[in-house]
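Since the model is a prediction, treat every value here as computed from it, not as a measurement.
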Amino acid sequence: MPLTDPQIEQCHDRYLREVDRYAKMADLVYNRCIDIVQKKLTIRATVQRRVKSPSSFVEKLRRPDIRAKFDTVEAVFAGVSDLAAVRVATYLESDRGAVVEEIESAFFGANADEPKVEKKDDPQKNYKATHCQVYLGEGDLTNGNENLVDTTCEIQVCSLLAHVFNEIEHDLVYKPLNGTLSDAENELIDQLSLITRAGDLTIRRLLAETDERHKDSKGRFQDVYDFVARMRTLLGNDVRFSNNAGQLFEELQGLNVHSPEDVDRVVAHSGLTLEQASKAEFDKLKAFLDGSDRGIALEEGTSDVLLAGVLRTHADRVLDRHPTGRGKGRPMRLVQIAKAYKQMIEQPAVAANPGAVAEAVVADNG
């Protein structure tokens, strides 16, 4: 039996009582997505979040197709997936897959549920996006988040241009205000789809030209993208250098390292170039960590190479800037790497046994 009007009213009343819980979920997922695009991948993207308004919720439930899907209030709250929602809109369509991969790694359910991922790329349709339904892991269901154990959030990942097109198509095609679309309207929507694809190529070329211009810049880094463009060139020009660069850039700013010249003074030594010195420290630290059970690993070709070079002289300062211990939560990845580096240089006799080092680090992290 379809959802009745009294049941819809009950859904509305319950949602009014619980909307703050969905807002908290959206905020948490939003902040994690910000970290993914700004600190992990260091790509250009916008991240937005919203909670469905009570009026929109009721309007949705009154639609015949939605009303027919549910027969109880509990079924509604178990089946409506977008009460809390986050959108990640990348500048480039090609970055969508990398963002989805990171989302799959960052979120998992309390019962080890994997995020539910649906790629909407039907060649017969213009809509292009990936929808991820995510839960919180057990480690996130503490410190006031216990009431989010059964709460999910929908993350939509698409390109910026696809987002614009998707919104227009959704409003005109799926929510027509006055009848079906005319042939002219459908033709213009198809033209807009072609413009979206062409625009993606234009943005790709524009960003490549911007990176090329940044390579010749002098003096202080203007932002993290300037940092990636210039330092990538000095460290072998690997396109993966942007991975983990956001966190490293913030740390360098805190260490008063503001330019390639500053980085060179910190890292290069004993006749080794910046690239050589960084790679030497990276190889030592990677060998030290490989095979351990610490749950953290260095990534070849990424900004981890430069981080290892910086830690040769600044590991103590990094750790001083980020005190850890009981009650302070799990340290961020960069700090965990700095701790491992510190142990590597202070415990050379243990370096041959990464498992023992891992146990010591876990104990140190509390």
Side-chain angles (χ1 to χ4, degrees), residues 28-43 45 47 88 98-108 134 136-140 142-143 224 227-228 231-232 235 238 240-255 257 263 267 278 281-312 314-345 354 357-366:
L28 192 152
V29 174
Y30 165 83
N31 287 322
R32 189 157 298 175
C33 287
I34 286 285
D35 285 344
I36 286 173
V37 299
Q38 293 185 356
K39 296 182 179 179
K40 172 61 180 176
L41 297 175
T42 321
I43 59 173
V47 183
V88 181
V99 172
V100 171
E101 285 184 11
E102 291 298 326
I103 288 172
E104 290 182 279
S105 297
F107 294 98
F108 53 91
V134 302
L136 297 184
E138 290 183 355
D140 295 317
T142 59
N143 299 322
V224 67
F227 166 72
V228 168
M231 295 312 303
R232 181 169 61 200
L235 287 160
D238 195 311
R240 295 171 297 173
F241 180 81
S242 61
N243 282 20
N244 306 314
Q247 202 169 84
L248 176 57
F249 175 71
E250 287 185 1
E251 194 64 26
L252 291 176
Q253 297 294 292
L255 295 170
V257 178
V263 176
V267 177
S278 295
E281 297 303 313
F282 176 87
D283 289 343
K284 287 191 295 184
L285 183 54
K286 188 174 189 304
F288 180 71
L289 290 173
D290 283 352
S292 73
D293 297 325
R294 295 191 65 234
I296 191 167
L298 297 185
E299 300 175 12
E300 295 274 2
T302 71
S303 64
D304 286 352
V305 177
L306 179 58
L307 171 60
V310 170
L311 290 176
R312 187 185 69 85
H314 283 61
D316 286 331
R317 290 186 62 189
V318 170
L319 295 175
D320 288 344
R321 280 172 40 82
H322 304 280
T324 60
R326 194 171 302 279
K328 292 184 178 295
R330 183 173 177 82
M332 66 180 182
R333 179 178 183 273
L334 184 145
V335 175
Q336 294 179 60
I337 293 173
K339 279 192 172 187
Y341 186 91
K342 183 76 171 175
Q343 289 207 346
M344 180 185 72
I345 62 175
V357 174
E359 292 177 6
V361 173
V362 170
D364 184 48
N365 286 345

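Distance alone, capped at 3.5 Å, places no donor-acceptor pair between the S278 side chain and the L306 backbone. Judged purely by atom type and a 3.5 angstrom limit, S303 uses its side chain to pair as donor or acceptor with the backbone of N243.
Distance check: E251 CD to R317 CZ gives 9.5 Å after rounding to the nearest 0.5 Å. Rounding to the nearest 0.5 angstrom, the gap separating the CD atom in Q343 from the CG atom in L289 is 10.0 Å. A distance of 4.5 Å separates CZ in F227 from CG in L248, rounded to the nearest 0.5 Å. Of the inter-residue distances, the one linking L307 atom CG with T302 atom OG1 reads 8.5 Å to the nearest 0.5 angstrom. The distance from the CD atom of E300 to the CG atom of D283 is 7.0 Å, given to the nearest 0.5 Å.
The minimum heavy-atom distance between T142 and G139, with the atom names listed, is OG1-O, 3.6 Å. Considering every non-hydrogen atom in both V88 and A45, the closest pair reads CG1-CB, 4.5 Å. Here the shortest heavy-atom pairing between K339 and T324 reads NZ-OG1, 2.6 Å. Smallest separation of non-hydrogen atoms from A245 and V228: CB-CG2, 3.7 Å. In this structure, A338 and L319 approach most closely via the heavy-atom pair CB-CD2, 3.9 Å. What you find for E102 and I36 is that their closest heavy atoms are CB-CG2, 3.6 Å.
Residues that satisfy the side chain to side chain contact (heavy atoms under 4.5 Å, CB included) test with R333, not counting sequence neighbours, are N244, Q247, I296, E299, D304, I337. With sequence neighbours excluded, the residues satisfying side chain to side chain contact (heavy atoms under 4.5 Å, CB included) with I34 are Y30, Q38, V47. Residues meeting the salt bridge (Lys or Arg N to Asp or Glu O under 4.0 Å) test with E250, sequence neighbours left out: K39. With sequence neighbours left out, the side chain to side chain contact (heavy atoms under 4.5 Å, CB included) criterion links L28 to R32, L136, N145. Looking at residues two or more places apart in sequence or on another chain, you find a salt bridge (Lys or Arg N to Asp or Glu O under 4.0 Å) between K342 and D316, E346. Annotation: side chain to side chain contact (heavy atoms under 4.5 Å, CB included) contacts of R312 (sequence neighbours excluded): H269, E281, Y341.
Counted within 6.0 Å of CG on D320, heavy atoms from surrounding residues, nucleotides or ligands total more than 12; the atom is thus considered enclosed.
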Criterion side chain to side chain contact (heavy atoms under 4.5 Å, CB included) on V37 and C33, from CA distance to verdict: CA-CA 6 Å; V37 299; C33 287; 5.9 Å; no
Test log, rule side chain to side chain contact (heavy atoms under 4.5 Å, CB included), inputs D140 and F107: CA-CA 10 Å; D140 295 317; F107 294 98; 5.9 Å; no
